[in-house]
Amino acid sequence: MTVLALTGPGRATETMRLRRDHAHLSDEALVALVARSSEAALGELYDRYGPVAYGLALRVVRDPAFAEDVVQEAFLAIWRSAPRFVPERGKASTWIMTFVHRRAVDLVRREERRRGEPLERAHQASGSTEEVAWMKFERERVQEALAQLPDQQREAIELAYYGGFTQAQLAERLGQPLGTIKSRVFNGLGRLRELLAEGTGDEDRWDTKTSTS
Amino acid sequence: MGHEDFYELTAAYALDALDKQDELSYVEHLRSCPQCREDLGAIQDTAGLLAYGAAAEAPPPALRERILDQARSERTNVIPIRRRWALPAAASVAAVAAMAAIGLGIWASSLRSDLSGEREARTGLEQVLSVISDPGSERVSPSVGSGTLVVSPTGAAALILSNLAPAPSGKIYEAWIAEDPAPKPAGLFQATGDRTHVALTRPVPKGATVMVTLEPAGGTTEPSAEPLFAAKAA
């Protein structure tokens with residue numbers, strides 16, 4: 001079981017009090033405030049997404065100190081880039097995770113050797129509180145969708161996203177032609193989109209017909 | 001590559017899984033293709049959800065304050081990002097990346113044949129990629145010459161120069177950042193075909209003008225010729 005222990009009991013009370021002002025705002029509204037140099041809004045975004053960001057960074061870079069660097073760089077990039085965030089282009093949470101993932105992947109590609117190391121160490125980190133409910137819900141939803149992908153597509157998506165491998169590296173590692181890997185990635189993510197959109201009424205614009213297999 | 005070829009890169013780009021060459025061409029294509037931007041937006045939300053598939057984990061408590069302190073200190077200044085993990089690299093990685101850089105026609109600021117050359121070429125390539133793929137980057141058209149100046153929110157900058165003629169023998173191109181009291185050198189480079197990509201070696205402050213001149217091989221400490229390219233950062 002993953003655990004979240006952001007704050008001790010005394011600290012939690014203080015944090016709750018400080019957060020109350022921004023707690024009702026949407027992510028997009030918070031980004032707009034960050035664009036106007038609101039540290040409180042940046043703090044609120046961090047409180048919302050820090051654990052997801054740190055969990056993702058740990059999964060990719062497999063080292064707590066590097067994961068911290070990744071999260072720090074990502075949130076500072078968010079601070080600097082917020083004035084250029086365009087809500088019409090996508091959700092703020094996606095935008096935030098794009099920064100985190102990009103930095104994690106850049107790092108792991110520089111630190112090739114880390115990639116062979118096991119994951120366990122990364123998941124023994126913290127205290128005792130329950131993972132907050134909405135994160136657990138999202139994790140299970142994503143994991144269930146991944147589990148429904150054909151094995152080869154799931155493998156390609158997971159190695160690409162969580163392993164930080166490029167398509168060419170995947171082709172080499174899996175001993176498959178690059179074209180095959182490209183098809184698995186393309187079709188796999190397209191299928192994942194359909195699976196995750198089911199029940200949400202999300203229009204499906206992803207066209208897998210043009211792919212080569 | 002045609003539009004269909006780029007469309008097939010969309011998913012891998014959303015997963016940050018494109019190889020450098022493909023990524024560079026995809027990002028450039030994205031600028032001019034509303035359809036691809038829309039396709040990317042649609043699939044990027046799916047890729048973003050994968051973040052939740054990794055188990056969330058509480059970051060160390062001190063990290064929050066560190067981020068907010070740093071943010072506060074940057075409020076009025078453009079400061080280059082400190083990246084303690086940015087520079088050291090395994091030699092083999094550097095070599096591969098340097099070859100990729102040459103294939104792409106990207107040269108870092110330095111053509112010096114010292115030992116750091118490969119690393120600089122690689123760093124330059126990564127800088128160009130990260131600057132042009134940063135959704136927050138500003139793109140500026142030049143008042144002199146043809147091409148684009150791209151400046152990221154951190155001030156890291158890249159030039160994409162169109163149809164720059166090869167420098168005559170004994171000459172080299174040099175980039176400058178025009179600031180008070182004198183222009184500062186921002187990198188030496190050669191022309192590479194239709195498009196020359198240049199990573200500037202120093203951050204570009206808001207409102208500063210970036211110039212390119214043709215200088216004697218080895219470069220100079222101040223421009224000695226008329227600019228062939230000039231663009232003012234927003």
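Below, chains carry the letters A, B, ... as their sequence lines are ordered, and counting in each starts from 1.
- Glu57(B) is not listed as a side-chain neighbour of Arg59(A), based on a closest heavy-atom distance of 4.5 Å or more.
- Side chains of Glu68(A) and Pro59(B) form no contact here, defined as non-hydrogen atoms less than 4.5 Å apart.
- Residues Gly55(A) and Ala54(B) share a closest heavy-atom pair of O-CB, 3.9 Å.
- For Glu28(A), there are no salt bridge (charged side-chain N to carboxylate O under 4.0 Å, His left out) partners, not counting sequence neighbours.
- Salt-bridge formation is detected for the pair Arg80(A)/Glu74(B): a Lys NZ or Arg NE/NH1/NH2 atom is positioned less than 4.0 Å from an Asp or Glu carboxylate oxygen.
- Looking only at distances, no side-chain donor or acceptor of Arg141(A) sits under 3.5 Å from a matching main-chain atom of Gly53(B).
- Only the side chain of Gln143(A) comes within contact range of chain B, with at least one heavy atom under 4.5 Å from a heavy atom of that chain.
- Ranked by non-hydrogen atom pairs under 4.5 Å with chain B, the options Leu56(A), Val71(A), Leu76(A) are led by Leu76(A).
- If you tally non-hydrogen atom pairs under 4.5 Å between each of Tyr162(A), Phe75(A), Phe85(A), Trp95(A) and chain B, the highest count goes to Tyr162(A).
- With respect to chain A, the highest number of heavy-atom pairs below 4.5 Å among Gly48(B), Ala71(B), Ala14(B), Ala12(B) belongs to Ala71(B).
- Between Ala11(B) and Phe186(A), the closest heavy-atom pair is CB-CA, 3.8 Å.
- You'll find the side chain of Leu50(B) stays beyond 4.5 Å of the side chain of Met97(A), heavy atoms only.
- From Gln70(B), atom CD reaches atom CD of Glu73(A) across 8.0 Å, with rounding to the nearest 0.5 Å.
- With respect to Lys91(A) and Asp45(B), no salt bridge is recorded, no charged nitrogen being found less than 4.0 Å from a carboxylate O.
- The one candidate from Thr166(A), Ile157(A), Val105(A) that meets the side chain to side chain contact (heavy atoms under 4.5 Å, CB included) condition with Leu15(B) is Ile157(A).
- Residue contact with chain B, scored on non-hydrogen atoms closer than 4.5 Å, involves the side chain of Leu146(A) exclusively.
- Partners of Glu158(A) according to the salt bridge (charged side-chain N to carboxylate O under 4.0 Å, His left out) rule, which considers only residues two or more places apart in sequence or in another chain, do not exist here.
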Begin from the C-alpha positions of Asp69(B) and Glu39(A) and carry the test side chain to side chain contact (heavy atoms under 4.5 Å, CB included) through to its verdict.
-> CA-CA 9 Å; Asp69(B) 283 349; Glu39(A) 287 159 37; over 6 Å; no

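- The local environment of CZ in Arg31(B) is sparse, with at most 12 non-hydrogen atoms from other residues, nucleotides or ligands closer than 6.0 Å.
- You'll find the side chain of Arg66(B) reaches within 4.5 Å of the side chain of Gln72(A), heavy atoms only.
- Residues Thr46(B) and Arg191(A) fail the side-chain proximity criterion, which asks for heavy atoms closer than 4.5 Å.
- One finds the OG atom of Ser37(A) at 12.0 Å from the CZ atom of Arg72(B) (value rounded to the nearest 0.5 Å).
- With respect to chain B, the highest number of heavy-atom pairs below 4.5 Å among Glu138(A), Glu140(A), Arg102(A) belongs to Arg102(A).
- To the nearest 0.5 angstrom, Ile67(B) atom CD1 is 12.0 Å from Trp79(A) atom CH2.
- The side-chain heavy atoms of Leu63(B) and Tyr46(A), taken from C-beta on, include a pair separated by under 4.5 Å.
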Between Arg64(B) and Asp47(A), does a salt bridge (charged side-chain N to carboxylate O under 4.0 Å, His left out) hold up when you go through it step by step?
-> CA-CA 8 Å; Arg64(B) 186 183 199 276; Asp47(A) 291 338; 2.7 Å; yes

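- How far CG of Asp19(B) is from CZ of Phe165(A): 13.0 Å, rounded to the nearest 0.5 Å.
- Among the candidates Leu195(A), Val52(A), Val185(A), the residue making the largest number of heavy-atom pairs closer than 4.5 Å to chain B is Val52(A).
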